[in-house]
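Data block below; observations after.
Here is how names work: the chains are called A, B, and so on, in the same order as the sequence lines, proteins then strands, and each is numbered from 1.
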Protein chains: 2
Amino acid sequence: MEGKTVAGRIHDLDEGLTSAGRKAARGLLGNYPMLGLAPVAEFAAGAGVSAATIVRFVAQLGFKSYPDFQRALREELEQRSKSPLQRGAMLSTEPGEAPFLATFLAQSAQRLEETVALISPGEFETVCRRLSETKRNCYLAGGRFTDFLAGYLEAHLRLVRPGIRRLDGRPATSADQLIDVKPGDLAILFDVRRYDPAMLDVAQTLSQRKAHIVLITDEWLSPIARHARYCLPCSTQTGRTWDANAAILGVVEAIIARVTELSWETASERIGALEGE
Amino acid sequence: MEGKTVAGRIHDLDEGLTSAGRKAARGLLGNYPMLGLAPVAEFAAGAGVSAATIVRFVAQLGFKSYPDFQRALREELEQRSKSPLQRGAMLSTEPGEAPFLATFLAQSAQRLEETVALISPGEFETVCRRLSETKRNCYLAGGRFTDFLAGYLEAHLRLVRPGIRRLDGRPATSADQLIDVKPGDLAILFDVRRYDPAMLDVAQTLSQRKAHIVLITDEWLSPIARHARYCLPCSTQTGRTWDANAAILGVVEAIIARVTELSWETASERIGALEGE
DNA sequence: GGATTTGTGGAATTACTGTTACAGAAGTTA
DNA sequence: TAACTTCTGTAACAGTAATTCCACAAATCC
């Protein structure tokens with residue numbers, strides 16, 4: 001009873017908590033453990049519940065009073081300051097069972113790390129540099145489940161630079177969207193397993209028009225790879241019904257971050273102007 | 001005056017302190033900042049002086065009351081706990097040829113792992129169970145940068161179960177989309193920082209209609225949390241221009257995977273039928 | 001060495017915080 | 001839908017902590 005951290009106790013209760021109790025728990029875990037060191041009223045306000053609920057919450061945690069609970073937090077903090085453990089260490093769950101979410105997210109994290117090995121740093125950097133040159137237009141397209149990624153990337157790139165075009169919808173084959181493509185233009189295509197034939201058509205057309213294709217795909221590589229100048233493969237395999245695209249989003253966000261950095265001069269103005277609205 | 005840390009202020013005073021004042025200072029710096037978070041009496045005992053001296057000491061430091069002093073300590077602590085991420089973000093930008101992608105993806109992976117601590121396993125399971133009950137309708141909506149997450153979730157849930165409705169676009173306030181909402185219906189809302197006022201309106205309307213709101217948000221919790229029955233906070237902070245949503249997608253994919261599992265009986269048929277086409 | 005100023009701790013006071021009781025709302029079950 | 005149970009917030013209450021006051025001690029200055 002005494003050896004457990006407060007965060008550990010919260011995880012133990014888990015289902016035993018009521019709706020408002022969870023809000024309290026979330027608030028505390030959200031900025032741990034500072035909120036718990038504040039007076040009850042402040043804790044309550046920060047968690048969006050009443051003071052009474054906070055008191056009941058700490059009682060459920062097994063403390064006989066709120067000051068008692070705070071003492072535990074302080075001692076815990078003292079403990080930690082002696083060894084350079086991080087915030088995460090205090091919050092980590094016990095290895096007792098294998099909760100679905102924890103397992104799944106751990107696998108997601110692993111895929112992220114595998115992806116590091118799959119992508120050449122130089123190639124990534126080159127793609128980002130190309131993206132921050134605003135002379136050329138840049139076209140984006142995705143397939144059935146990856147179209148959202150194209151949309152996400154588009155939304156951000158639009159804020160950073162001009163000349164972004166999105167190829168929309170199913171009849172992507174329709175060549176009228178590609179009619180303005182000039183040699184040397186950039187095209188970012190997303191294609192993952194159950195590779196989309198329509199996407200391959202688009203790639204072929206782009207290739208004919210001498211566009212430079214950036215392919216973002218899974219570890220088995222879409223057939224588009226043959227036409228791609230740059231290729232960024234991501235780890236997606238899950239062994240379940242659906243493959244997972246979180247690692248791809250990670251790479252997309254890395255691209256956004258890097259391109260924003262590289263073209264900060266112009267980007268900062270655009271962002272200011274567009275966000276201000 | 002406001003920007004300085006408490007430790008810094010002590011150092012500034014230094015000579016100006018009286019004999020007993022020094023004891024207080026030494027005590028506090030001895031196990032900083034925990035002793036300052038304790039009640040005055042405890043601080044006094046720990047430093048070997050009287051309570052009155054402690055009060056005078058914090059007054060000399062420039063605080064107008066002891067609680068005020070404690071607030072400063074808490075904020076300082078909060079500041080410090082957030083800095084490692086930001087420091088990491090800053091470091092990676094410095095050396096020209098540093099492995100930007102590797103650093104960024106490692107941070108993404110870390111956010112994924114932090115998210116595990118933020119979400120209660122029981123709550124996650126409950127949400128998934130509710131989603132696999134097909135009696136109720138389920139509504140989805142997202143804000144500016146999170147709408148694509150709603151779309152991604154929608155696309156998969158549609159394959160798994162009927163009764164999925166997406167609230168689209170900007171004028172989401174338009175109540176006609178919500179007119180059919182019945183008490184007990186489920187609504188999954190995405191809202192991250194730069195919280196969307198329109199989304200809050202939607203949440204309020206849904207709340208009035210007794211819908212059960214599942215909120216997927218960042219670690220600072222959208223104001224919608226007040227109306228939400230279930231809340232799944234994700235780690236998104238990057239210290240850069242844009243926050244990162246890969247962890248949110250990770251959670252979304254976990255939901256998809258779990259719901260698919262739970263309702264495999266009916267889901268497998270639907271997937272077969274719809275995918276075959 | 002006595003008078004004066006300054007620092008300190010103990011006790012009274014005050015303000016505020018944590019606690020509890022109660023009433024209303026929400027959820028659950030028949 | 002209605003009765004019952006559980007939960008939650010409001011508000012009054014009680015307890016404790018912070019603050020102030022005062023007497024005493026220490027150091028400093030005539």
task: Please name all residues satisfying ring pair (Phe, Tyr, Trp, His ring centres under 6.0 Å) with B:Tyr32, sequence neighbours left out, ordered by chain then number.
output: none

- line: Taking five pairs at each terminus, the helix from C:dG1-D:dC30 to C:dA30-D:dT1 shows an axis bend, to 10°, of 30°

query: Will you find, in the side chains of B:Thr236 and B:Glu219, an N or O donor that is under 3.5 Å from an N or O acceptor?
result: yes

query: Do B:Glu114 and B:Gln110 have side-chain N/O donor and acceptor atoms under 3.5 Å apart?
result: yes

task: Strictly below 4.0 Å, heavy-atom distances to any atom of DNA chain D: list the hits from residues 38-47 of chain A, or just say none.
output: none

message: For a quick check, with a 4.0 angstrom heavy-atom cut-off, what is the B/S/- contact string for nucleotides 24-30 of chain C, read 5' to 3'?
response: ---S---

- prompt: In terms of the angle between their ring planes, are A:Tyr152 and B:Phe145 parallel, tilted or perpendicular, with boundaries placed at 30° and 60°?
  reply: perpendicular

- prompt: Could B:Glu133 and B:Arg161 be called an ion pair, given the rule that one side-chain N must be under 4.0 Å from one carboxylate O?
  reply: no

What are the atom names and distances for every N/O pair under 3.5 Å that joins the protein to nucleotides 8-11 of chain D?
| unit_1 | atom_1 | unit_2 | atom_2 | d |
| --- | --- | --- | --- | --- |
| D:dT8 | OP1 | A:Thr18 | OG1 | 3.3 |
| D:dT8 | OP1 | A:Ser19 | N | 3.4 |
| D:dT8 | OP1 | A:Ala20 | N | 2.6 |
| D:dT8 | OP2 | A:Thr18 | OG1 | 2.6 |
| D:dG9 | OP2 | A:Ser50 | N | 3.4 |
| D:dG9 | OP2 | A:Ser50 | OG | 3.3 |
| D:dG9 | OP2 | A:Thr53 | OG1 | 2.8 |
| D:dG9 | N7 | A:Arg56 | NH2 | 3.0 |

Axial cation check for B:Phe63 ring with B:Arg9, 6.0 Å and 45° limits: yes

message: How many whole angstroms separate atom CG of A:Asp68 from atom P of D:dA17?
response: 12 Å

Rounded distance in Å - OH (A:Tyr66) to P (C:dT17): 11 Å

task: Please collect all side chain to side chain donor-acceptor pair (under 3.5 Å) contacts where either partner lies in residues 54-71 of chain B, sequence neighbours excluded, each pair once.
output: A:Glu42-B:Arg71

message: Please evaluate residues A:Arg111 and A:Ser108 with respect to the criterion side chain to side chain donor-acceptor pair (under 3.5 Å), reporting the C-alpha separation (whole Å), side-chain torsions for both, the decisive distance (0.1 Å), and the verdict.
response: CA-CA 5 Å; A:Arg111 280 189 291 272; A:Ser108 297; 3.2 Å; yes

